[in-house]
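Every heavy atom of this structure was used, including side-chain atoms; hydrogens, water molecules and symmetry mates were not.
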Amino acid sequence: MKRFFAFAMVAMLAMVACENNGHDDAQGVSGTMTITTESPINFSFVGGEGEIAYTLEGAKEGNKPTVECAQEWITNLTVAETITFNVERSTVQEERTAILLVSYGEQEEQVFVKQGPAYAPTQVEAEAKALNGEYINKTSAGTYNYFIILSEKGTTGWFDLYVDNYYRLSLCSDVAPADLTPESPSVLPVGVYYIDELSMGGGGTFKQGSSWYVECRADGGFFESQYSDGVVIVTETGIEAFLTLTNGTVHHVTYEGSLDLGYIPIPEPDYYTSLTEDYTFEHNGFVSQIYYYGDLENVGLGNWIISAANSYDANMNGDYLKVDVYLDSLDYTPELIYGEYDAVATSAELKGGNFLGGVFGSWLYGVEDGILVNGTIAPLTAGKVKIEKSGNGAIITVDCVDDLGHKVQGTFDCPTVEFYDLSK
């Protein structure tokens with residue numbers, strides 16, 4: 001555990017009795033003061049708000065203690081029901097101590113405040129121009145996990161990285177997100193987050209195991225590193241982070257701007273197909289794999305994915321078909337899949353005997369050595385798909401058009417059909 005973690009932000013309470021005869025003294029106060037906050041009160045170099053709790057026994061109404069401190073880095077001393085104060089951020093490389101003198105009549109008690117040394121000198125100064133990210137989920141520790149990316153150019157998603165330097169951080173906060181809508185994105189909660197080497201998800205930490213520095217390079221290569229130490233300070237106006245890579249290099253990262261989380265929007269293209277003319281085909285000896293997902297869309301319909309390819313391994317080549325079909329039955333009954341299906345454009349239109357067309361539903365892909373390529377790529381936006389039983393196999397007939405109106409027509413003769421129930 002690194003040096004500044006030894007300085008907890010919240011003081012533990014313990015009874016520390018202070019002797020007094022309990023009679024009125026020359027200053028007109030009466031009773032006995034007891035300081036109930038354990039001394040010393042420890043802070044990291046970040047500083048923050050401090051509090052000293054006390055009780056007065058046998059005191060006159062309105063009597064309160066006084067407090068003073070000679071150190072300039074202790075500010076805003078205020079006496080009310082408790083004694084509060086601020087600790088300024090430390091810029092010195094040594095631990096420092098302040099004494100708060102709490103007085104009540106003839107009683108004087110010293111409360112020590114200790115602050116850890118400033119973060120190690122930095123080798124890299126980075127100014128982030130973009131904050132991207134999203135609220136992930138509620139953790140098993142009961143906190144709320146926010147994933148952020150600090151970079152210069154921004155990113156379109158948590159996995160979409162370009163030629164840039166990225167500080168990826170998995171922050172855990174006790175603050176829950178508000179109701180999330182496209183118009184109301186999640187907002188990164190203000191707070192101080194220290195590295196959690198065990199990635200347990202405690203409030204005010206960031207998970208070491210899922211936080212990375214990524215440096216992308218123009219030649220396509222990259223450098224990446226986890227953090228061995230660090231603290232992230234989130235304020236209303238921005239973010240400041242001190243992050244030590246596993247090679248010992250310390251990065252000081254700053255960002256000023258909104259704490260709203262999201263990604264760079266990707267403009268919707270006018271069309272997705274790669275076809276420039278009608279496409280016809282006739283494939284024999286293919287394999288069809290058919291998957292049942294249950295009521296995946298929560299519309300009361302059984303969802304089946306019909307696929308066809310020459311193989312389902314690294315030898316997959318040529319055309320690969322995927323059709324997203326729906327049945328009235330929610331039972332896993334493979335025999336029900338045979339029939340003819342009409343395309344609909346949206347899930348709201350789905351009924352039994354439809355397939356979901358378009359970019360979110362059904363496609364014909366081109367594949368080379370098991371990898372999708374920019375060859376034959378066409379969303380099946382309208383038309384019909386028929387699945388007929390043929391011996392122990394099936395014949396799948398496609399009579400559709402893509403999103404530019406090109407015809408996509410042909411058959412997949414599949415002597416082998418494999419069914420999989422993935423609804424459980």
Side-chain angles (χ1 to χ4, degrees), residues 155-163 212 214 216-217 219-222 224 266 269 271-294 296 303-325 332 334 337 341 343 355-381 383 385-404 406-424:
T155 177
T156 60
W158 71 270
F159 53 87
D160 295 319
L161 302 179
Y162 305 101
V163 181
W212 293 78
V214 181
C216 299
R217 296 169 179 165
D219 63 0
F222 64 92
E224 64 179 4
I266 302 174
Y271 58 89
Y272 287 87
T273 185
S274 65
L275 299 181
T276 58
E277 58 184 4
D278 293 346
Y279 184 73
T280 59
F281 54 88
E282 183 177 346
H283 296 307
N284 297 307
F286 271 44
V287 177
S288 177
Q289 289 187 346
I290 300 177
Y291 305 89
Y292 177 61
Y293 288 94
L296 191 63
N303 179 214
W304 298 75
I305 299 295
I306 313 298
S307 68
N310 71 319
S311 71
Y312 286 85
D313 52 27
N315 296 316
M316 181 188 289
N317 280 284
D319 290 335
Y320 167 60
L321 176 71
K322 170 185 171 290
V323 185
D324 191 4
V325 307
Y332 174 66
I337 200 66
Y341 299 89
F355 75 87
L356 183 60
V359 297
F360 298 109
S362 305
W363 287 78
L364 184 72
Y365 298 102
V367 182
E368 290 182 5
D369 299 326
I371 299 173
L372 299 179
V373 295
N374 292 325
T376 304
I377 299 180
L380 307 179
T381 59
V385 172
K386 181 188 293 185
I387 306 168
E388 301 174 276
K389 190 172 181 61
S390 177
N392 293 324
I395 296 175
I396 303 171
T397 303
V398 177
D399 185 8
C400 296
V401 296
D402 66 12
D403 51 349
L404 284 182
H406 300 120
K407 293 179 181 179
V408 182
Q409 297 174 319
T411 59
F412 291 85
D413 189 344
C414 304
T416 301
V417 178
E418 302 170 356
F419 287 91
Y420 299 90
D421 183 2
L422 302 182
S423 64
K424 300 176 182 179

*Can you check whether Asn284's main-chain N or O pairs, donor with acceptor, with Asp413's side chain at less than 3.5 Å?*
no
*Hey, what's the ring geometry for Tyr320 with Tyr312, parallel, tilted or perpendicular (30° and 60° as the breaks)?*
perpendicular
_Determine whether a donor-acceptor pair (N or O, by modelled atom type, separation under 3.5 Å) exists between the side chain of Thr381 and the backbone of Asp402._
yes
*Plane angle bin for Phe412 and His283 - parallel if under 30°, tilted between 30 and 60°, otherwise perpendicular*: tilted
*Does Tyr365 offer a backbone N or O that forms a donor-acceptor pair with the side chain of Thr376 under 3.5 Å?*
no
_If you count heavy atoms of other groups shown closer than 6.0 angstrom to NZ of Lys322, is the number above 12?_
yes
*Does the Thr273 side chain pair with the main chain of Leu275, one donor and one acceptor, at a distance under 3.5 Å?*
yes
*Can you label the angle between the Tyr291 ring and the Tyr420 ring as parallel, tilted or perpendicular, going by 30° and 60°?*
parallel
*Examine distances only and state if a side-chain atom of Ser311 and a backbone atom of Met316 form a donor-acceptor pair shorter than 3.5 Å.*
yes
*Looking only at atom types and distance, does a side-chain atom of Asn317 sit under 3.5 Å from a main-chain N or O of Asp369, one as donor and one as acceptor?*
yes
_Under the criterion ring pair (Phe, Tyr, Trp, His ring centres under 6.0 Å), I'd like the reasoning laid out for Trp304 against Phe355: C-alpha separation, chi angles, the key distance, then a yes or no._
CA-CA 9 Å; Trp304 298 75; Phe355 75 87; over 10 Å; no
*Does any non-hydrogen side-chain atom of Trp363 lie less than 4.5 Å from one of Ile377?*
yes
*When you check the side-chain N and O atoms of Asn303 and Asp324, is any donor under 3.5 Å from an acceptor?*
yes
*Side chain Ser362, main chain Leu380, donor-acceptor under 3.5 Å*: no
*Quick one: does Phe281's side chain get under 4.5 Å of Asp319's, heavy atoms only?*
yes
